[in-house]
Amino acid sequence: MNNADVAAALAEVAELLELKNESGFRIRAYENAAKALSNQTEDVRSLVATGGLVKIKGIGSGIARTIEELLSTGHIVYLDQLRSEFPEGVRRLMSVPGVGPSLARRVYVELGVTNLDEFRVAAEDGRLASLPGLGEKSAQNVLRAMERVNKQESRVSIGKAVPLVEELMDALKDVPGLDNLVPGGSLRRWAPTIGDIDIMGTSTDATVAMGCLVSLPQVRQVLSHGHTKSTIITDNGLQVDFRIVEAEAYGSLVQHFTGSRDHNIELREFALSRGQSLNEYGIQDVKSGTRMSFSDETSFYAALDLELIPPELREGRGEISAARARRLPNLVTLGDIRGDLHVHTEWSDGTLPIEAMVDAARQRGYEYMCITDHSGGIGVAGGLSEERILQQIDAVHEVAGASSDIHVLMGSEVDIRRDGSLDFPDQILERLDWVVASVHSGFNQPEEQMTQRIIRAMENPHVDAIGHPTGRLIGKREPYAVDMEAVFAAAARTRTALEINSFPERLDLVDVHARRAKDLGVMLVINTDAHAPIHLDNIRYGVAMARRGWAEPANVLNTKTFGDLCDWLKRDGP
DNA sequence: GCCGTTTTCGGCCCGACTGTTTTCAGTCG
């Protein structure tokens, strides 16, 4: 039973309360508690033990008791009661876009529908359309939405979304009268996965511009089409929301549409406490009714006496109080990165020779880079034997000697075996400039074992960093069970860096982990794990994740100059 | 159910669009 399990139980309570048409405020309380818990890196069990649970904003005494009940008995009596009122499938009906708690409840109560299959039949045979207040269009919309769900056109990784949006933005350039186009939402916040794309702009004639947008050739389906807001599905299955306002309100529009929901709610609550009401058109003084418009975000936040909050921080995780106190972090930027310390070549599972990868790093203006091919334990990745890595050491040194404009380091991504020992003996590791240790097997080990395995690797004085520390693959593999608090403590103690792996499918560490690591004094390192030159460009995703984790340049190892990096590498081991 | 730099009670973000309606509830972001 970990934080995610408990959060899921609380979220289920919220969903069932929605079905019951309970007070929206109670529902939000459970939703907020679930979210607050999943933003915690400290294990819920230790939070209970130390009494830290109620100190978390959004968890009060009531929900704290519920969590304790779940941990001690494995059940929440209240949740079991709620479950007995609605078959499991009824809750699932709400996963269909456009189907909320009201409709789900009605089709269950009035039509006896208990799952998605029965729902489809009811939509097809006319029973859904026959309900008072509904009609044929509603039924058709349900059927089309179910089709989309089946095609799994839901969330995509940011690595897929960014190129698609860049392509779409290019197509939008020619829409007449449309200016200042910019993507917003989770994409602008660089969230690891994107549900739908938000695109904002200004126009003197929004109606005409909207008409052009919804009739673009890329549009497969129009979900809604209004004067200032439209929603479409593109031919590659992406949902795109367009929002247009007049130029004078552009600042508040961009702010409004960058979100997140939690950030916006907290910001509006904060504004209300100051007697101001916020919306996408500006700020209204509640008493006098005076309205202010903002053409840029800086002046919008300034009108609330707040520093400009970078989009990556707008997740409702304390950024508003930090902005009030003028204590926002000075976030690391792409330009701060001086080198890539996790790069593969054809010596293991990369595609190109050492020289080509060095060249690619050179072209990106790096001061240094490190070759880190796999060790032999990774059979499928063509890992190097001891004999082969000794040869590669010579090969890399040769390339390094011939490179005057970039420092080329020789390293390894050494496999952490199931018992925490490493795939190369110390006599080899000590000859390397840089060692990334990673888990590539035995993902199903119990948490205690996995935690000790990683800590043991960190205790090896030759290990400089842990690669992709939680092992997750977005949409494919959950993170392995590991006590991250213990990993952070060991990383701080052994002065081992933790990687933010920039591969869009990994993005590991994730933001909340990166932030916790930073707070505990753990050094981060942003690497691409490149297997081909183009992968080096993924660094932007890793930097974005670091920014979402509130990281400053001083928290990121590869912002150091080569000289400072060398000094760091000479640090004392455990 | 949670929360408090006016509050331990009385609040709790805000607006656009749709479908089926003659005025609004539901859903979404």
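Below, chain A is the first sequence line, B the second, and so on; all start at residue 1. Computed over heavy atoms, backbone and side chain alike; hydrogens, waters and symmetry mates excluded.
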Check: What is the nucleic acid contact for A:Ile59, judged by heavy atoms within less than 4.0 Å: base, sugar-phosphate only, or nothing?
Finding: sugar-phosphate
Margin query: Does the plane of the ring in A:Phe294 sit parallel, tilted or perpendicular to the ring in A:Phe300? Use 30° and 60° as the thresholds.
Written below: perpendicular
Notebook entry, point to check: For B:dA25, which nucleotide is its Watson-Crick or G-U wobble mate, given both distances must be under 3.5 Å?
Noted result: B:dT18
Next item on the list: Taking atom types as modelled, find out whether A:Asp262 and A:Ser260 have a side-chain donor-acceptor pair closer than 3.5 angstrom.
Entry: no
Margin query: Can you check the distance between B:dT8 and B:dG1, where both ends of the measurement are the C1' atom (answer in whole Å)?
Written below: 14 Å
Next item on the list: Would you kindly give the CG-to-C1' distance between A:Leu10 and B:dC2, to the nearest whole Å?
Entry: 13 Å
Check: A:Asn264 has an atom CG; how far is it from atom P of B:dC12, in whole Å?
Finding: 17 Å
Next item on the list: Give A:Asn32 one of three labels, base, sugar-phosphate or nothing, depending on what nucleic acid heavy atoms sit under 4.0 Å from its own.
Entry: nothing
Checklist line | SB check A:Lys57 A:Glu266 (cutoff 4.0 Å) | finding: no
Note to self: Mind checking if A:Glu136 touches a base, just sugar-phosphate, or nothing, with heavy atoms under 4.0 Å?
What the structure shows: sugar-phosphate
Notebook entry, point to check: Is any side-chain N or O of A:Tyr281 closer than 4.0 Å to OP1 or OP2 of B:dA16?
Noted result: yes
Margin query: Counting only side-chain nitrogens and oxygens, does A:Ser138 get under 4.0 Å of the OP1 or OP2 atom of B:dT20?
Written below: yes
Margin query: Please confirm whether the shortest side-chain N or O distance from A:Thr228 to OP1 or OP2 of B:dC17 is below 4.0 Å.
Written below: yes
Next item on the list: Describe the nucleic acid contact of A:Ser61 in one word from base, sugar-phosphate, nothing, applying a heavy-atom distance below 4.0 Å.
Entry: sugar-phosphate
Note to self: With a cut-off of less than 4.0 Å, is there a side-chain N or O of A:Asn141 near OP1 or OP2 of B:dT18?
What the structure shows: no
Item checked: Touch class at under 4.0 angstrom, heavy-atom based, for A:Ile265 against every strand present -> base
Next item on the list: Using a heavy-atom cut-off of under 4.0 Å over every strand shown, decide if A:Ser277 touches base, sugar-phosphate, or nothing.
Entry: sugar-phosphate
Check: Which value, in whole Å, describes the distance between the C1' atoms of nucleotides B:dC17 and B:dT23?
Finding: 16 Å
Checklist line | Side-chain N,O (A:Gln239) to OP1/OP2 (B:dG29) below 4.0 Å | finding: yes
Notebook entry, point to check: With the threshold set at 4.0 Å, does a side-chain nitrogen-carboxylate oxygen contact exist between A:Arg189 and A:Glu319?
Noted result: no
Item checked: P-based separation of B:dT20 from B:dG26 [nearest Å] -> 15 Å
Check: What integer distance in Å separates A:Lys137:NZ from B:dT18:C1'?
Finding: 8 Å
Margin query: Could you tell me if A:Glu485 and A:Thr41 have a donor-acceptor pair between their side chains, going purely by distance under 3.5 Å?
Written below: yes
Check: If you measure from the P atom in B:dC9 to the same atom in B:dA16, how many Å do you get, rounded?
Finding: 37 Å
Item checked: Rounded distance (Å) that lies between atom C1' of B:dG29 and atom CZ of A:Arg155 -> 12 Å
Next item on the list: Please determine, for the side chain of A:Ala29, which listed nucleotide (B:dT27, B:dG1, B:dC12) has the closest atom?
Entry: B:dG1
Item checked: For atom CG of A:Asn279 and atom P of B:dA16, their distance in whole Å -> 8 Å
Checklist line | Proximity to the side chain of A:Pro101 - top-ranked nucleotide from B:dT18, B:dT27, B:dG29 | finding: B:dT27
Item checked: Any donor-acceptor N or O pair under 3.5 Å, side chains A:Asn180, A:Thr202 -> yes
Check: At under 4.0 Å between heavy atoms, what does A:Glu280 touch on the DNA or RNA strands: base, sugar-phosphate, or nothing?
Finding: sugar-phosphate
Note to self: Whole angstroms only, please: what is the CG-P distance between A:Asp198 and B:dA16?
What the structure shows: 16 Å
Check: Choosing from B:dC12, B:dG29, B:dT27, which nucleotide comes nearest the side chain of A:Phe25?
Finding: B:dC12
Notebook entry, point to check: Over how many whole Å does the gap from A:Glu269 atom CD to B:dC12 atom P extend?
Noted result: 9 Å
Check: For A:Ile27, which contact category applies under a 4.0 Å heavy-atom criterion: base, sugar-phosphate, or nothing?
Finding: nothing
Checklist line | Comparing A:His225 and A:Ser23 on DNA chain B - which has the more 5′ nearest nucleotide | finding: A:Ser23
Notebook entry, point to check: Which is true for A:Pro132 with a 4.0 Å heavy-atom rule: it touches a base, it touches only sugar-phosphate, or it touches nothing?
Noted result: nothing
Notebook entry, point to check: For A:Lys57 and A:Gln276, take the nucleotide of DNA chain B holding the closest heavy atom to each; which residue's nucleotide lies nearer the 5' end?
Noted result: A:Lys57
Checklist line | Whole angstrom value for the distance that separates C1' of B:dC17 from CZ of A:Arg243 | finding: 10 Å
Item checked: Short side-chain donor-acceptor distance under 3.5 Å, A:Thr528 and A:Asn538 -> no
